[in-house]
Protein chains: 2
Amino acid sequence: MQDQLKLDSFICFAVYTASHALNRVYKPLLDALGLTYPQYLAMVSLWEQDGQTVGGLGEKLFLESSTLTPLLKRLETAGYVRRERSREDERVVVVRLSEEGIRLKEKAIGIPGCIAAASGRDAVDLTRLQAEIVALREALNKSVA
Amino acid sequence: MQDQLKLDSFICFAVYTASHALNRVYKPLLDALGLTYPQYLAMVSLWEQDGQTVGGLGEKLFLESSTLTPLLKRLETAGYVRRERSREDERVVVVRLSEEGIRLKEKAIGIPGCIAAASGRDAVDLTRLQAEIVALREALNKSVA
DNA sequence: CGATAATTAATCGTGCGCGATATAAAACGT
DNA sequence: ACGTTTTATATCGCGCACGATTAATTATCG
């Protein structure tokens, strides 16, 4: 019985399927905003701090430019952001919210509450679990670095 | 300060990034077996119980046939499984491990230990966290259903 | 100053992951 | 038995996500 090659005992499988489950809860909420889930994360990051570079967003979201560049182009096509090369350093692309992108925040305000409700946990418990998962992420990232 | 539209406070963002972090830890281990992470999960499920149907695997892995069919075809091309229509019910496709697929299990035995080590937590703690994340997943799945 | 190295985005190829749809087989109702 | 409905898998289009590579710009060093 020492066979630990069981799916249901894998922390990785729990995280993997929880991630998909979250996506399914978000889907209808984000459809109303015309955003996918990764696009929503990028917008949240820009609402926190406008005018970030592609690389800066990548560091915050843990994504590569090969993922972000097409995603940001789609956000630009949707009219939520503008992408422009920095004048000081022509290598850098700065991403700025459009008026419409700024306005979108109001529509997104209620989303975290919906997710919290769907989780069936109170705020304190969610925050604790969130911190634990972040700690797991940091430990894993450290082990690869 | 009641603005809760902050990335770092999102449980979803924690899960999302933890999932990517896990993938990065798995990548080099699975490269040695010639598997991707979702392919590995399918193999684990088949090692637990051989001869599952596409639908059965989908229920266990929380994946649609649109995801599994191409994935299983790639596993078949790699020589790890065979896909054959059931004789009793021609709608059903049964997935069976090949000899090589059975042998692959030996190479995969050590992987969970590597992940546990990378997480920097002891087995008890990991199991507890795993159960909490599964509970979150179940609550979320219930809310959409 | 000029060659080289480093940095930043973008591009390309592969593999998910899903929703919508299609196709085929089985089950069902009359 | 036959048309209808349900079920199981497959197909298609789109959007991630990443590794490897490329292109352009900036920094560095002799």
Counting only N and O atoms by type, is there a donor-acceptor contact under 3.5 Å from the side chain of A:Ser45 to the main-chain atoms of A:Leu41?
no
In whole angstrom, what separates B:Leu71's CG from C:dT14's C1'?
13 Å
Should the ring pair B:Tyr40 and B:Trp47 be called parallel, tilted or perpendicular, given that the plane angle runs from 0 to 90° and is split at 30 and 60?
perpendicular
Rounding to an integer number of Å, can you tell me how far A:Tyr26 OH sits from D:dC16 C1'?
17 Å
Taking the side chain from A:Arg96 and the backbone from A:Val81, do they hold a donor-acceptor pair closer than 3.5 Å?
no
Please report, rounded to the nearest Å, how far the C1' atom of D:dT9 is from the CD atom of B:Glu59.
14 Å
Report the distance from atom CD of B:Glu64 to atom P of D:dG13, rounded to the nearest whole Å.
19 Å
Output yes when a side-chain donor or acceptor of A:Ser98 lies under 3.5 Å from a complementary backbone atom of A:Tyr80, and no otherwise.
yes
Taking the six-membered ring for Trp, are A:Tyr37 and B:Tyr16 closer than 6.0 Å centroid to centroid?
yes
Contacts of A:Leu63 and A:Arg87 projected onto DNA chain D by closest heavy atom; the upstream (5') one is A:Leu63
Counting distance only, does the side-chain N/O of B:Glu48 pair as donor-acceptor with the main-chain N or O of A:Leu7 below 3.5 Å?
yes
In whole Å, what is the span from the NE2 atom of A:His20 to the P atom of C:dG17?
4 Å
Nearest-nucleotide check on DNA chain D, A:Glu90 vs B:Tyr16; residue mapping nearer the 5' end is B:Tyr16
Do nucleotides 3-11 of chain C as a string where each nucleotide becomes B, S or -: B if the base has a protein heavy atom under 4.0 Å, S if just the sugar-phosphate does, - if no protein is that close.
----BSSBB
Contact residues, residues 33-50 of chain B to DNA chain C [heavy atom, < 4.0 Å]
B:Thr36, B:Pro38, B:Gln39
Quick one: does B:Thr77's side chain have a donor or acceptor within less than 3.5 Å of a partner on B:Lys73's backbone?
yes
